[in-house]
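Quick note on labels: first sequence line is chain A, next is B, and so on, each numbered from 1. Quick caveat: nothing in here was measured; it's all calculated off a predicted structure.
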Protein chains: 4
Amino acid sequence: MKGPKTKIAPRPRGRPRSEQAQQEILETAYKLLRDKGFNAVGSHEIAKAAGVSSATLYRWWKSKEEILFDACFEHMKPILAIPETGSGLTRLRRYILRASEFLASEEGTVMARVLTGIHEDQRLRRMFLERYVNQRRQILRAIIEDSIALGELKPTTDPELLIDMLSGPLFFRWLQGHAPLDKGFAKRLFDNVIHAFQTQ
Amino acid sequence: MKGPKTKIAPRPRGRPRSEQAQQEILETAYKLLRDKGFNAVGSHEIAKAAGVSSATLYRWWKSKEEILFDACFEHMKPILAIPETGSGLTRLRRYILRASEFLASEEGTVMARVLTGIHEDQRLRRMFLERYVNQRRQILRAIIEDSIALGELKPTTDPELLIDMLSGPLFFRWLQGHAPLDKGFAKRLFDNVIHAFQTQ
Amino acid sequence: MKGPKTKIAPRPRGRPRSEQAQQEILETAYKLLRDKGFNAVGSHEIAKAAGVSSATLYRWWKSKEEILFDACFEHMKPILAIPETGSGLTRLRRYILRASEFLASEEGTVMARVLTGIHEDQRLRRMFLERYVNQRRQILRAIIEDSIALGELKPTTDPELLIDMLSGPLFFRWLQGHAPLDKGFAKRLFDNVIHAFQTQ
Amino acid sequence: MKGPKTKIAPRPRGRPRSEQAQQEILETAYKLLRDKGFNAVGSHEIAKAAGVSSATLYRWWKSKEEILFDACFEHMKPILAIPETGSGLTRLRRYILRASEFLASEEGTVMARVLTGIHEDQRLRRMFLERYVNQRRQILRAIIEDSIALGELKPTTDPELLIDMLSGPLFFRWLQGHAPLDKGFAKRLFDNVIHAFQTQ
DNA sequence: AGATAAGCGAGACGGTACGTCTTGTCTTCTT
DNA sequence: AAGAAGACAAGACGTACCGTCTCGCTTATCT
């Protein structure tokens with residue numbers, strides 16, 4: 001039944017935004033970001049490579065930084081969306097190992113570029129925190145709380161501290177590159193950290 | 001053999017580089033960096049504020065990035081030069097607390113700006129590592145090895161891992177600012193990390 | 001059939017070049033050139049005075065020299081466009097007198113500045129020749145040939161030589177300023193030169 | 001009398017000014033001027049090529065323009081110093097032919113560069129007039145007056161006008177290069193000009 | 001169907017920073 | 001004292017990039 005105009009979305013007048021172009025832009029921006037770095041990519045360069053005008057870019061994003069930021073997270077979306085629901089130290093361990101792997105990958109490098117590139121833009125920095133850091137913290141927090149409930153971790157365990165103790169060293173190596181960020185490191189890190197919070 | 005001939009620098013010809021101007025430039029650059037941020041400072045602005053010509057700037061530094069980099073470390077030199085020689089867990093603890101304090105200070109903020117600002121310049125990044133990160137690691141390593149020798153820490157302790165476990169979480173909070181980097185955090189971090197490596 | 005397809009200029013895409021700004025630039029440049037001289041005018045100065053960005057300047061002109069060159073001829077266009085069609089010695093005389101008057105005027109001074117300012121730029125020098133020197137020669141040649149046909153000048157008269165003999169001394173005084181370039185001089189010059197080519 | 005030491009020239013203290021260096025500088029400057037053009041030569045370049053410091057250059061010359069100016073005339077001195085004393089139209093003719101030859105030579109080109117290069121410097125322009133233009137005028141004037149006295153030229157001949165009529169067309173072609181400045185032209189020019197002033 | 005509204009590519013534009021260059025002066029040590 | 005070496009201030013030059021604007025065309029909805 002078509003009904004008397006069941007106005008759900010009151011579709012705006014005028015030519016609709018080309019959704020396909022948006023994807024094209026972000027994909028192109030990601031590639032440029034990956035190949036040339038954050039500062040080396042130019043807004044006009046993105047526009048040209050995506051077959052789009054500069055004006056279109058700035059109609060949807062406020063700045064070059066924002067475009068690259070979005071490009072990064074649009075690309076990471078399928079990678080970052082980990083359904084890692086569950087509980088227990090085994091899962092916590094697996095999660096950390098995966099995170100370490102991600103950071104060491106090409107995608108991780110691109111993300112580091114974005115993180116450093118937007119550092120002076122308060123707004124984007126907060127968004128980065130929310131869309132990446134806090135999201136992962138939340139997942140970790142859930143797993144940790146489950147582990148506490150299961151009696152695997154001491155009841156006095158402070159999830160926030162534990163998270164920082166697990167993530168921090170990974171992050172440290174990731175950004176500074178003073179030492180390799182490999183599986184072995186992640187494993188030893190996990191074991192040593194957990195030792196302090198484990199029951200017995 | 002002509003004698004020990006303790007390498008006397010054969011003073012270069014011509015008008016000597018104005019050491020005073022150099023200091024003035026770096027000091028000015030530091031202030032601008034502190035007040036405006038990494039990207040917002042311009043090379044000509046530095047020159048003007050320091051009462052120096054642009055050419056002089058680029059005679060001694062290759063780029064704006066390099067100037068700000070040097071400005072940062074020139075300013076930090078007296079702060080970073082910690083004679084923390086000694087041994088024992090007490091010293092290790094004190095060192096970490098001080099580091100945490102430094103990172104949370106205004107100087108720490110400026111350093112974060114430089115760290116993120118130069119991230120895409122391989123050369124400067126390596127220099128940052130050498131002049132800051134590795135230097136601190138060396139101090140920590142010495143203290144840790146002393147502690148092992150004293151029997152305070154297990155003989156199996158891997159200094160590198162321990163350093164990353166202590167520094168990482170600090171660094172994590174410092175750069176991301178998702179949670180406060182205060183004394184309490186540093187203390188709890190230290191206690192929990194050390195727990196895993198302590199004898200008994 | 002749509003017609004003989006009278007070449008319609010297929011308006012180029014994109015934002016059209018601001019013709020008004022171009023005029024503004026050239027007019028401003030002319031004024032600066034007149035007031036300060038060729039070397040004393042700066043490209044940024046022109047830009048600023050014309051309310052235009054440096055980039056716009058260099059989008060349309062290759063160098064400062066070219067801008068000033070164009071500015072000069074754009075300004076002279078209405079002055080230089082003399083319809084002096086006709087024939088006979090009277091007209092030739094009038095033409096020379098007018099030329100002398102022009103060279104001695106403020107416009108003439110500006111032109112001298114341009115002529116000397118671009119002397120080392122082969123391309124501009126050739127353009128100067130074509131847009132000024134050769135154009136005037138052509139007019140003179142036509143008048144001279146008419147005069148020959150009318151029997152006022154000997155049939156053996158070499159127009160090129162005659163032109164140089166009339167223009168040269170004017171040019172000589174104009175550029176060097178060793179002696180005044182006034183009407184009396186122009187008249188006497190004309191009379192003496194013509195004497196050699198006149199019939200009888 | 002104070003002793004043997006018959007102090008005639010009280011030789012000034014300190015290192016004596018190197019007269020030889022002056023020549024070296026001007027010679028070098030001339031070569032650079034010839035090879036690269038007026039604007040393309042830099043003051044430091046001259047200094048370096050002459051094995052002299054910039055300061056030395058500016059101790060004796062006020063500006064780059066002045067150096068090149070001097071360099072030009074120092075080089076031309078032997079060429080320009082023509083003993084053409086004498087009288088009669090034959091000598092006048094020979095003189096004009098020689099002048100034409102000089103202007104068409106490499107030296108002439110260099111001189112054109114200087115003439116145009118210093119056009120905006122009032123002082124140098126006047127010096128150019130005095131050292132070159134007026135000097136030649138004087139010679140020409142003397143020859144012309146002799147010719148009048150000899151009855152070869154009309155007594156009513158205005159030497160100034162005659163000089164401009166002979167020099168102007170040469171100068172015209174020299175600087176603009178719209179037509180060749182060869183011997184044939186000089187001859188025809190001379191014959192036609194003289195025709196108007198010759199007796200009978 | 002025509003009017004209206006917005007999206008869009010092309011590319012010019014103002015603003016501003018960059019890093020290089022050149023001129024003429026100044027400072028230090030050497031001859 | 002004169003000079004070479006070369007650092008310096010001043011400031012112009014031409015390039016690059018950012019984000020905005022203008023133009024004409026296209027794609028949609030609304031009347």
- Among residues two or more places apart or on two chains, list those pairs meeting salt bridge (Lys or Arg N to Asp or Glu O under 4.0 Å) that have a residue in residues 51-68 of chain C. C/E66-C/R123
- So, do C/Q23 and C/E19 sit near enough that their side-chain heavy atoms are less than 4.5 Å apart? no
- Query: For D/R59 and F/dG3, is the shortest distance between a side-chain N/O and OP1 or OP2 below 4.0 Å?
  - Reply: yes
- N or O in side chain of C/R13 less than 4.0 angstrom from F/dC23 OP1/OP2: no
- NA contact type, A/W60, heavy-atom cut-off 4.0 Å: base, sugar-phosphate, or nothing? sugar-phosphate
- Message: How many whole angstroms separate atom CD of D/E65 from atom C1' of E/dT23?
- Response: 10 Å
- Basic-acidic side-chain contact under 4.0 Å: A/K48, A/E45: no
- Any side-chain heavy atom of A/D121 within less than 4.5 Å of one from A/F128? no
- Note on the structure: Taken to the nearest whole Å, CG/D/L57 to C1'/F/dG6 is 15 Å
- Query: Between the side chain of D/R34 and the main-chain N/O of D/V110, is any donor-acceptor distance below 3.5 Å?
  - Reply: no
- Message: Below the 4.0 Å mark, does E/dC8 have OP1 or OP2 next to a side-chain nitrogen or oxygen of A/T56?
- Response: no
- Item | Side chain of C/S54 - closest among F/dT20, E/dG19, E/dT16 | E/dT16
- Item | DNA chain E contacts made by residues 36-50 of chain B, counting heavy atoms under 4.0 Å | B/V41, B/G42, B/S43, B/H44
- Touch class at under 4.0 angstrom, heavy-atom based, for C/A55 against every strand present: base
- Query: Tell me: CG of C/D121 to P of F/dC13, nearest whole Å?
  - Reply: 15 Å
- Can you sort out the partners of C/R125 under side chain to side chain contact (heavy atoms under 4.5 Å, CB included), two or more places apart, ordered by chain and number? C/H119, C/Q122
- Query: Starting at NZ of B/K62 and ending at P of E/dT20, how long is that distance when rounded to a whole Å?
  - Reply: 11 Å
- Message: If you assign A/A21 and C/Q22 each to the DNA chain E nucleotide with the nearest heavy atom, which residue ends up on the more 5' nucleotide?
- Response: A/A21
- Per A/Y58 side chain, nearest of listed nucleotides E/dG14, F/dC18, E/dT23: F/dC18
- Quick one: is B/K64 getting a side-chain N or O under 4.0 Å of the E/dC18 phosphate, OP1 or OP2? yes
- Task: Whole angstrom is fine here: how far is it from CG in A/L68 over to C1' in F/dG19?
- Result: 15 Å
- Can you say whether the rings of A/F73 and A/Y132 are parallel (under 30°), tilted (30 to 60°) or perpendicular (over 60°)? tilted
- Query: Taking OP1 and OP2 of E/dC13, is either one under 4.0 Å from a side-chain nitrogen or oxygen of C/R17?
  - Reply: no
- Task: Can you tell me the distance, in whole Å, between the CH2 atom of C/W61 and the C1' atom of F/dT15?
- Result: 18 Å
- Measure the distance from CZ on C/R15 to P on F/dC23 and round it to the nearest whole Å. 7 Å
- Send over the distance from B/I25 CD1 to F/dA9 C1', rounded to a whole Å. 12 Å
- Message: Whether the side chain of B/E120 engages the backbone of A/N39 through a donor-acceptor N/O pair (distance < 3.5 Å, no angle test) should be reported.
- Response: yes
